[in-house]
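All values reported here derive from a predicted model rather than from experimental measurement.
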Amino acid sequence: MNAPLSHYFIYTGHNSYLTGNQLSSDCSDVPIIQALHRGVRVIELDIWPNSAKDDVEVLHGGTLTTPVALIKCLKSIKEHAFTVSEYPVVITLEDHLTTALQAKTAEMITQTFGDMLFSSDSCLKEFPSPESLKRRVLISTKPPKEYLQAKEVNETGATKGMDQTDIEVWGREVSDIKARYNDKDDSDEGEADDSDEEDPTTQQNTAPEYKRLIAIHAGKGKGGLSDWLRVDPDKVRRLSLSEQELGKAVVTHGKEIIRFTQRNILRIYPKGIRFDSSNYNPFNAWTHGAQMVAFNMQGYGRSLWLMHGMFRGNGGCGYVKKPDILLKAGPNNEVFDPEANLPVKTTLKVTVFMGEGWYYDFEHTHFDAYSPPDFYARIGIAGVDADIVMKKTKTLEDNWIPTWDEQFEFPLTVPELALLRVEVHEYDMSEKDDFAGQTCLPVSELRQGIRAVPLHNRKGEKYNSVKLLLRFEFI
């Protein structure tokens, strides 16, 4: 844990204050607390003036989400930040505040966290290590020049309040719902027009006490992608890209992304049309070195199961060291290529002996009203494209304690980035098969031998009794 922060995958939340969907759910500190208790280390807050413009609220701007007071979120973060992990918590702020409210926010943050707060008077030359930042809180954001530009227009005669000019400025968040349905917004959140080279007038107008709080500076360069990914030997920073931007960038700038993430932090966030708080496959980001793969923790599905699986690693502390292939250049200064045709490094052999516990954790009519369930297991690998595979046991009819006793082999080219996927389903002849449990485990942490592996529900919560008996071997 003594390497710079940029050398770790970091458990990262997106819109951490939302209780449900992105458009109309309540904003609350409850999902923030739940995320921290799961080990999440990066909490995102969107901060806006309240209706009276005299205080700061957290909400998803331009939507029908109901706000929660910023101070309530900050106090909950302080109380629960280190319940399950002593390693640092980063608060990423998406800032839509006036200079006066920035100053008020700085005061709230300073008074709430006190000595827990890590700040720097200037951009860091290198990120500190998680070990050196134990029980510390870091703020990451950018100077909000978009707000100041809108303010200047209003002061030259435009109507006050949220007029058309404001909508143009804030429209990247969610004001144009139709654009989101049409999936036209590739850069709809966070840092759509950030500039790493800050405008001098912005620096003057930004509350100085607020600017001093920013430990991890965020922003994009003035030019295109090549400039955004420029590695500065004298300072480190954070860059944010949407999942669509990443998808396009890895095609044209894959090597530059990996070089960038060896020193700097890359944050990836979900596309704006994910109204239902769904998520995306994190592996495109992870295999290119992105540290902060921001997920909607209140959603669930296979993508989130992979996220849970990755951060079961390293004791569940919220930081997982990136493999050396993503941190070091080769003898000819080449970097890792996730698309390369690589030799097999090891083969994981998994024997699926049996499963039990459903009889105790489920109603006896849950799967079938008239007979015991018909279970089968799916076993596979998530990782680089060459390693991805999913296999299936036979279906055992009418048995609460299925005994499959089947073996599967998985040749792995990049075991350092592989997750073992396990799912159990109940076969249904007339309808969709019923879900009966899942887990994901980092292959790098598997140990040889027979293991009782607990399964989790769709939301990632561990069942009381359901588990599989598996044997792991590396050959």
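Ring to ring, His456 and His308 are not that close: their centroids are 6.0 angstrom or more apart. For His364 and Trp400, the gap between ring centers is short of 6.0 Å. Annotation: Phe367 is in aromatic contact with Phe375 [ring centroid separation under 6.0 Å]. Phe295 has its ring centre less than 6.0 Å from the ring centre of Tyr280.
Under the 4.0 Å criterion applied to side-chain N and carboxylate O atoms, Lys345 and Glu416 are assigned as salt-bridge partners. The existence of a salt bridge linking Lys467 and Glu356 is excluded, since no basic side-chain nitrogen approaches an acidic carboxylate oxygen closer than 4.0 Å. Classification of Lys235 and Glu126 as a salt-bridged pair fails, no side-chain N sitting under 4.0 Å from a carboxylate O. No salt bridge links Glu245 with Lys248; every basic N to acidic carboxylate O contact stays at or beyond 4.0 Å. Classification of Arg312 and Glu445 as a salt-bridged pair fails, no side-chain N sitting under 4.0 Å from a carboxylate O.
Put simply, the side chain of Gln407 reaches to within 4.5 Å of the side chain of Arg471, judged on heavy atoms. Considering only heavy atoms from C-beta on, Val84 stays 4.5 Å or farther from Leu36 through its side chain. Between Val89 and Phe113, every side-chain heavy-atom pair lies at or beyond the 4.5 Å cut-off. When side chains are defined from C-beta on, Glu423 counts as touching Arg302, because their heavy atoms get closer than 4.5 Å. Residues Phe472 and Thr351 form no side-chain contact, since every pair of their non-hydrogen atoms from C-beta on lies 4.5 Å or further apart. With contacts defined as side-chain heavy-atom distances shorter than 4.5 Å, the pair Lys349/Phe408 does not qualify. Annotation: side chain of Phe82 is in contact with side chain of Val137 (closest heavy-atom distance under 4.5 Å). Cys27 has its side chain within reach of Leu18: a pair of non-hydrogen atoms, C-beta onward, lies under 4.5 Å apart.
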Practice task
Decide yes or no on side chain to side chain contact (heavy atoms under 4.5 Å, CB included) for Arg259 and Glu256, but give the supporting numbers first.
Solution key: CA-CA 5 Å; Arg259 291 189 199 282; Glu256 290 93 327; 5.6 Å; no

Handout entry: Worked check of side-chain hydrogen bond (donor to acceptor under 3.5 Å, both in side chains) between Asp433 and Tyr376
Key = CA-CA 10 Å; Asp433 292 355; Tyr376 64 89; 2.7 Å; yes

Practice task
Start with the C-alpha gap between Ile325 and Val414, add the side-chain angles, then the distance that decides, and say whether side chain to side chain contact (heavy atoms under 4.5 Å, CB included) holds.
Solution key: CA-CA 9 Å; Ile325 53 173; Val414 189; 3.5 Å; yes

Problem - Steps toward side-chain hydrogen bond (donor to acceptor under 3.5 Å, both in side chains) verdict (Thr141, Asp95) - result: CA-CA 7 Å; Thr141 187; Asp95 176 0; 5.0 Å; no

Exercise for the section: Determine, step by step, whether Glu426 and Lys432 satisfy the salt bridge (Lys or Arg N to Asp or Glu O under 4.0 Å) criterion, reporting the C-alpha distance in whole Å, the side-chain angles of both residues, the deciding distance to 0.1 Å, and the verdict. Expected result: CA-CA 9 Å; Glu426 197 268 343; Lys432 186 178 179 182; over 6 Å; no

Practice task
Evaluate the side chain to side chain contact (heavy atoms under 4.5 Å, CB included) criterion for residues Leu412 and Ile381: first the C-alpha distance (whole Å), next the side-chain angles of each, then the deciding distance (0.1 Å), finally the verdict.
Solution key: CA-CA 9 Å; Leu412 301 172; Ile381 297 292; 3.9 Å; yes

Handout entry: Audit row: Asn464, Tyr360, side chain to side chain contact (heavy atoms under 4.5 Å, CB included) steps and yes/no
Key = CA-CA 8 Å; Asn464 291 327; Tyr360 304 106; over 6 Å; no

Problem - Audit row: Thr365, Asp368, side-chain hydrogen bond (donor to acceptor under 3.5 Å, both in side chains) steps and yes/no - result: CA-CA 5 Å; Thr365 57; Asp368 194 310; over 6 Å; no

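Ring orientation note: the planes of Tyr8 and Tyr319 are nearly perpendicular, at an angle over 60° on the 30°/60° scale. Using cut-offs of 30° and 60° for the angle between ring planes, the Phe283 and Trp286 rings count as perpendicular.
Of the possible polar contacts, none joining the Asn332 side chain to the Glu334 backbone as a donor-acceptor pair under 3.5 Å is found. With hydrogens and angles disregarded, a donor-acceptor distance shorter than 3.5 Å links the side chain of Gln438 to the backbone of Asn457. Arg274 contributes a side-chain N or O that, together with a main-chain N or O of Asn279, makes up a donor-acceptor pair within less than 3.5 Å. A donor-acceptor pair under 3.5 Å links the side-chain atoms of Ser132 to the main chain of Ser129, judged by distance alone. Of the possible polar contacts, none joining the Asn314 side chain to the Cys317 backbone as a donor-acceptor pair under 3.5 Å is found. Remark: the backbone N or O of Ser6 is paired with a side-chain donor or acceptor of Gln291 at under 3.5 angstrom.
In this structure, His7 NE2 and Ile265 CD1 are separated by 10.5 Å, a value rounded to the nearest 0.5 Å. The structure places CD1 of Ile77 at 9.5 Å from CD1 of Ile33, a figure rounded to the nearest 0.5 Å. The CG atom of Asp405 lies 10.0 Å from the CG atom of Leu469; values are rounded to the nearest 0.5 Å. To the nearest 0.5 angstrom, Ile32 atom CD1 is 11.0 Å from Thr19 atom OG1. Rounded to the nearest 0.5 Å, atoms OG (Ser303) and CE (Met307) are 8.5 Å apart. Rounding to the nearest 0.5 Å gives a distance of 10.5 Å between CZ of Phe275 and OG1 of Thr63.
Within a 6.0 Å sphere centred on NZ of Lys255, other residues, nucleotides and ligands contribute 12 heavy atoms or fewer. No more than 12 heavy atoms of other residues, nucleotides or ligands lie within 6.0 Å of NZ in Lys459, so this atom counts as exposed by the packing criterion. Heavy-atom neighbours of Tyr359 OH from other residues, nucleotides or ligands within 6.0 Å: at or below the threshold of 12.
In terms of heavy atoms, Ala294 sits closest to Gly13 at CB-O, 3.9 Å.
Side chains of Thr261 and His288: a donor-acceptor N/O pair is absent below 3.5 angstrom, by distance only. Arg238 and Ser140 form a side-chain donor-acceptor contact under 3.5 Å, judged by distance and modelled atom types alone. Side-chain polar atoms of Ser277 and Gln22 form a donor-acceptor pair below 3.5 angstrom. Checking Ser278 against Asp276 by side-chain atom types alone, a donor-acceptor pair falls below 3.5 Å. Between the side chains of Thr287 and Asn284, no donor-acceptor pair of N or O atoms lies under 3.5 Å. Remark: the Tyr269 side chain and the Asn15 side chain contain no N/O donor-acceptor pair separated by less than 3.5 Å. Defined by atom type and a distance below 3.5 Å, a donor-acceptor pair is present between the side-chain atoms of Ser242 and Gln244. A side-chain donor from one of Thr413 and Asp387 sits under 3.5 Å from a side-chain acceptor of the other.
When Phe127, Phe118, Tyr87 are each tested for a side chain to side chain contact (heavy atoms under 4.5 Å, CB included) with Leu133, only one passes: Phe118. Screening Trp305, Phe362, Tyr463 for a ring-ring contact (aromatic ring centres under 6.0 Å, His included) with Phe435, the sole residue that qualifies is Trp305.
For the pair Lys72 and Tyr17, the cation does not sit on the ring face, since its NZ or CZ is not both under 6.0 Å from the ring centre and inside 45° of the axis.
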